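In this text the structure is predicted, and so the values were computed from the model without any measurement.
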Amino acid sequence: MGEMASVFAGNAGLLVLVVLLLGLLVGSFLNVVIHRLPKMMELGWQQECDAYLGREPTAPPRYNLLVPASHCPVCRQEVRPWQNIPLLSYALLRGRCHACSTPISLRYPAVELLTGGLFALLAWHYGWSVQLPAYLALTAVLVALTFIDADTQLLPDSLTLPLLWAGLLFNLLTGTVALSDAVLGAMAGYLSLWLVYWLFKLATGKEGMGYGDFKLLAAFGAWLGWSMLPLIILLSSLVGAVVGIVLILLARMGRGQALPFGPYLAAAGWIALLWGQDIVSWYLSAYAH
């Protein structure tokens with residue numbers, strides 16, 4: 001382990017390459033999480049409804065992140081190992097199922113490439129450090145949450161709550177952020193959006209966001225501390241507003257249509273993770289005289 005640390009510590013390029021390849025593999029698994037986790041939640045809700053209504057529960061097929069094996073949704077042909085190599089398999093198959101030629105969504109290589117790229121940026125920024133593996137795990141969860149929320153407008157508790165506790169544990173063990181700042185960050189992150197939610201609901205009678213957004217911002221507070229929360233809220237609001245306006249102009253979204261906020265929170269939090277202190281320092285030096 002010590003020899004590996006010395007190799008990576010002295011060769012940043014090698015570390016970035018290894019972490020990039022790791023990110024591609026993790027991205028392949030995240031495609032499974034993004035697709036299956038919402039379906040697993042639906043099955044769980046159905047079982048809860050059956051129990052509440054006193055109905056005989058129908059035994060669902062075994063369905064989780066590992067079972068059944070990955071397969072084509074049209075012809076049901078199981079995906080073989082050589083057809084599941086990140087990026088390469090998609091290129092070799094020319095974006096189509098090997099058995100029935102059904103087009104494979106471009107999202108699959110996009111998620112792999114995005115995860116690999118984000119992992120590589122983290123490796124370049126932090127190098128071989130105690131923060132790197134923790135921030136890689138944080139990034140993987142953020143990628144999954146981003147695409148799940150974009151698809152379903154859900155931010156699963158099974159991802160957001162462990163992320164929150166992991167942030168507190170990380171700072172307890174490493175001291176990267178003072179534990180008091182992390183605890184205050186988790187509290188302030190949740191309560192700030194909770195307050196916005198209720199003010200908006202009292203003013204309009206509508207729900208402006210979901211509770212998952214509160215928990216995600218609380219998780220960022222736990223990881224980065226309370227001082228990063230204003231920047232995250234500002235960045236996410238700006239990006240969300242710009243994207244919403246663009247979609248309206250492109251006639252892909254109506255003016256009253258709900259827009260998931262989780263992806264913008266995730267993007268803003270990740271930016272704050274890498275460059276938050278630099279952005280705050282730049283702002284203070286430029287405007288706070």
Between Phe170 and Tyr135 (judged by ring centroids, cut-off 6.0 Å), do the two rings come close enough to count as a pair?
yes
What are the two closest heavy atoms between [X] and [Y], and how far apart are they?
X	Y	value
Ala222	Ala182	O-CB, 3.3 Å
Ala188	Leu229	CB-CD1, 3.7 Å
Leu216	Gly262	CD2-O, 3.8 Å

Going through the distances and angles, do Asp181 and Ser227 end up as a side-chain contact (heavy atoms from CB on, under 4.5 Å)?
CA-CA 8 Å; Asp181 289 349; Ser227 62; over 6 Å; no
Output, in order, the C-alpha distance, side-chain angles, deciding distance and verdict of side-chain contact (heavy atoms from CB on, under 4.5 Å) for Asp149 and Leu265.
CA-CA 11 Å; Asp149 197 24; Leu265 270 180; over 6 Å; no
Rounded to the nearest 0.5 Å, what's the gap from [atom1] on [X] to [atom2] on [Y]? Could you check?
X	Y	atom1	atom2	result
Leu235	Trp275	CG	CH2	11.5 Å
Leu161	Asp157	CG	CG	4.5 Å
Leu155	Phe261	CG	CZ	11.0 Å
Arg55	Gln47	CZ	CD	12.0 Å
Phe214	Leu191	CZ	CG	10.0 Å

With a sphere of 6.0 Å drawn around CH2 of Trp165, does it hold more than 12 non-hydrogen atoms of other residues, nucleotides or ligands?
no
Indicate, with yes or no, if Leu21 and Val143 share a hydrophobic cluster defined by side-chain heavy-atom contacts under 4.5 Å among Ile, Leu, Val, Met, Phe, Trp and Tyr.
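In one cluster: no.
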Flag yes if Val183 and Leu172 sit in one hydrophobic cluster, no otherwise; membership is Ile, Leu, Val, Met, Phe, Trp, Tyr, and two members link when side-chain heavy atoms are under 4.5 Å apart.
yes
Determine all donor-acceptor pairs shorter than 3.5 Å in which one atom belongs to a side chain in residues 103-119; sequence neighbours excluded.
from	atom 1	to	atom 2	distance (Å)
Ser105	OG	Arg107	N	3.1
Arg107	NH1	Asp151	OD1	3.2
Arg107	NH1	Asp151	OD2	2.5
Arg107	NH2	Asp151	OD1	3.0
Glu112	OE1	Leu87	N	2.9
Thr115	OG1	Val111	O	2.8

Say whether, by atom type as modelled, one donor and one acceptor occur between the side chain of [X] and the main chain of [Y] under 3.5 angstrom.
X	Y	result
Arg36	Asn64	yes
Asn84	Arg80	no
Ser28	Leu25	no
His71	Ala69	yes

Quick one: do Leu142 and Leu138 satisfy side-chain contact (heavy atoms from CB on, under 4.5 Å)? Show the steps, please.
CA-CA 6 Å; Leu142 292 178; Leu138 168 61; 4.1 Å; yes
Trace of the side chain to side chain donor-acceptor pair (under 3.5 Å) decision for Ser70 with Glu78
CA-CA 6 Å; Ser70 297; Glu78 185 173 319; over 6 Å; no
Verify side chain to side chain donor-acceptor pair (under 3.5 Å) between Ser89 and Trp82, making sure each step is shown before the conclusion.
CA-CA 7 Å; Ser89 291; Trp82 71 267; over 6 Å; no
Under the salt bridge (Lys or Arg N to Asp or Glu O under 4.0 Å) test, residues paired with Arg94 that sit two or more places apart:
none
Sequence-distant partners of Lys39, salt bridge (Lys or Arg N to Asp or Glu O under 4.0 Å), two or more places apart:
none
